[in-house]
Amino acid sequence: MSRTMLTHSTFIHRGLWDAQHPENSLGAFARAVAAGYGIECDVRMSVDGVPFVFHDTTAMRMTGCAGRVDAQTMAYLHTLDLQRTKYHIPSLQDVLQTVGGRVPLLLEIKPRYTHRAQFVSALVQVLARYDGPYSISSFDAFLACAIKRRMSQVAVGYHCSDYPENHPVIATAKRWGASVFLRVSGFAPDFFVVRASYLARYGDPRRTHEKNQPLLTWGACNRTERRHIRQYGANEIREPIV
């Protein structure tokens, strides 16, 4: 995906979802395509090595079933109803077929602290057959670096957050650890995806990198955060209005 697409496309967070078409469902993605929106979605890997699209670590919120989703097979995940609708957890291949290259994709690869090499190989295999525009990003700096090494022609970005859900000490450790890795690894993100509250608290993450790197943001909750989005020229990943 070109830098122009990253900065000027209108991306929708987890598809154009509503009560009948849940987030990260094929229905939400089909609606986004019909409306001409670029799509941000979340990618994990099943226990049998299949990339699939789902945000949460566990299935409870979206399906009512307990257990980590990455501990399940793709065949089992396909059987889980998303919020009691006709839609099920889709594989990444299902999503690519639904989108068909008609709008740009921003694939957030969810952190993976084991089997990283298998995850990267699975992504390479699926995406090698896809002709549409896409880019990849992750909170996991090690995983993003490994993806860039295998897919050098693809724009690979890094997610920054102030981790408001974590204890302040843990949040600080996460930010510090990622910052150190980016400096010593030689991995230079092609773009950044930043939580809006991070911009408001810590400023532009590009200040120690190339100034022309695309900057995207999500999760704006108030006027102050949206003012910082405008200040830093970020492209906001929008939430559907439901």
Side-chain angles (χ1 to χ4, degrees), residues 1-2 5-6 8-57 59 61-63 65 69-70 72-110 112 119-138 147 151 153-157 159 193 216 218 235-242:
M1 188 192 305
S2 68
M5 281 190 174
L6 282 167
H8 290 84
S9 298
T10 300
F11 288 94
I12 200 80
H13 199 205
R14 305 178 195 169
L16 189 56
W17 50 267
D18 61 14
Q20 289 74 44
H21 309 84
E23 66 179 57
N24 280 327
S25 70
L26 294 184
F29 298 142
R31 294 181 74 231
V33 170
Y37 289 123
I39 296 168
E40 184 274 350
C41 62
D42 308 282
V43 182
R44 296 185 178 274
M45 185 179 71
S46 66
V47 72
D48 51 341
V50 180
F52 66 95
V53 175
F54 194 78
H55 177 268
D56 296 358
T57 303
R61 179 177 68 91
M62 293 299 296
T63 73
C65 297
V69 288
D70 59 7
Q72 311 301 328
T73 65
M74 192 66 242
Y76 174 75
L77 294 171
H78 264 314
T79 69
L80 299 181
D81 298 337
L82 293 170
Q83 295 186 330
R84 299 183 179 180
T85 66
K86 65 180 180 180
Y87 297 104
H88 307 277
I89 297 177
S91 68
L92 177 58
Q93 183 61 48
D94 293 335
V95 174
L96 298 180
Q97 289 177 350
T98 296
V99 175
R102 290 172 288 176
V103 298
L105 289 170
L106 177 56
L107 307 176
E108 183 197 333
I109 311 303
K110 303 304 286 185
R112 181 85 193 194
F119 198 0
V120 173
S121 294
L123 288 169
V124 169
Q125 184 176 0
V126 173
L127 291 169
R129 302 188 295 270
Y130 187 64
D131 292 330
Y134 69 91
S135 58
I136 294 173
S137 63
S138 183
I147 292 170
M151 307 173 74
Q153 78 285 2
V154 175
V156 178
H159 267 66
V193 186
L216 297 92
W218 89 99
N235 184 12
E236 184 177 1
I237 301 170
R238 301 181 182 179
E239 299 291 339
I241 300 174
V242 296

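The structure displayed is predicted, hence computed values, not measured ones. FYI, the numbering just counts along the sequence from 1.
- By the side-chain hydrogen bond (donor to acceptor under 3.5 Å, both in side chains) test, Ser91 is found to be paired with Asp94, residues two or more places apart in sequence or in another chain being considered.
- In this structure Arg102 satisfies the salt bridge (Lys or Arg N to Asp or Glu O under 4.0 Å) test with no other residue, sequence neighbours excluded.
- Side-chain contact between Leu92 and Leu123 is present, with heavy atoms from C-beta onward closer than 4.5 Å.
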field: side chain to side chain contact (heavy atoms under 4.5 Å, CB included) between Val193 and Glu108, intermediate numbers included
entry: CA-CA 10 Å; Val193 186; Glu108 183 197 333; over 6 Å; no
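- In this structure, the separation between CD1 on Ile147 and CD1 on Ile136 is 5.0 Å, given to the nearest 0.5 Å.
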query: When you look at Asp42 and Asp56, which way does the side chain to side chain contact (heavy atoms under 4.5 Å, CB included) test go after all the steps?
result: CA-CA 9 Å; Asp42 308 282; Asp56 296 358; over 6 Å; no
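- Salt bridge absent: Lys110 and Asp70 never bring a charged side-chain N and a carboxylate O closer than 4.0 Å.
- With sequence neighbours left out, the side-chain contact (heavy atoms from CB on, under 4.5 Å) criterion links Arg129 to Gln93, Gln125.
- At distances below 3.5 Å, not a single donor-acceptor pair connects side-chain atoms of Ser9 with backbone N or O atoms of Phe11.
- For Glu239, the side-chain hydrogen bond (donor to acceptor under 3.5 Å, both in side chains) criterion is met by His13, not counting sequence neighbours.
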For a quick test of your reading: what N or O donor-acceptor pairs under 3.5 Å do the side chains of residues 31-41 make, sequence neighbours left out?
unit_1	atom_1	unit_2	atom_2	d
Arg31	NH1	Leu16	O	2.6
Arg31	NH1	Asp18	OD2	3.4
Glu40	OE1	Arg14	N	3.4

Would you mind writing out the side-chain donor-acceptor pairs for residues 45-53 within the sub-3.5 Å range, not counting sequence neighbours?
unit_1	atom_1	unit_2	atom_2	d
Ser46	OG	Asp48	OD1	2.5
Ser46	OG	Val50	N	3.0
Ser46	OG	Val50	O	3.3
Asp48	OD1	Met74	N	3.1

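- By the 4.5 Å heavy-atom criterion applied to side chains, Pro22 and Tyr87 are counted as neighbours.
- Between Leu127 and Leu107 the shortest side-chain heavy-atom distance falls below 4.5 Å.
- Contacts of Ser121 classified as side-chain hydrogen bond (donor to acceptor under 3.5 Å, both in side chains), with partners at least two apart in sequence or in another chain: Arg150.
- For Tyr134, there are no ring pair (Phe, Tyr, Trp, His ring centres under 6.0 Å) partners two or more places apart in sequence or in a different chain.
- Taking His159 as the reference, Phe139, Trp218 meet the ring pair (Phe, Tyr, Trp, His ring centres under 6.0 Å) condition, with sequence neighbours excluded.
- Here the CG-OG distance, from Leu216 to Ser135, works out to 7.5 Å after rounding to the nearest 0.5 Å.
- Considering only residues two or more places apart in sequence or on other chains, Asp81 meets the side-chain contact (heavy atoms from CB on, under 4.5 Å) condition with His88.
- Two residues are said to be in side-chain contact when any heavy atoms from C-beta on lie closer than 4.5 Å; Thr85 and His21 fail this criterion.
- Here the side chain of His78 pairs no donor or acceptor atom with the backbone of Pro90 at under 3.5 angstrom.
- Residues forming a side-chain hydrogen bond (donor to acceptor under 3.5 Å, both in side chains) with Asn235 (at least two apart in sequence, or on another chain): none.
- The side-chain heavy atoms of Arg238 and Thr10, taken from C-beta on, include a pair separated by under 4.5 Å.
- Nearest heavy-atom pair, Phe29 versus Val95, reported as atom, atom and distance to 0.1 Å: CE1-CG2, 3.6 Å.
- By the side-chain contact (heavy atoms from CB on, under 4.5 Å) test, Gln72 is found to be paired with Tyr76, Leu77, residues two or more places apart in sequence or in another chain being considered.
- Between the CG atom of Leu82 and the OG atom of Ser25 there is a distance of 6.5 Å, given to the nearest 0.5 Å.
- Within the 4.5 Å cutoff, the side chain of Glu23 has heavy atoms near those of the Met62 side chain.
- By the 4.5 Å heavy-atom criterion applied to side chains, Arg44 and Thr57 are counted as neighbours.
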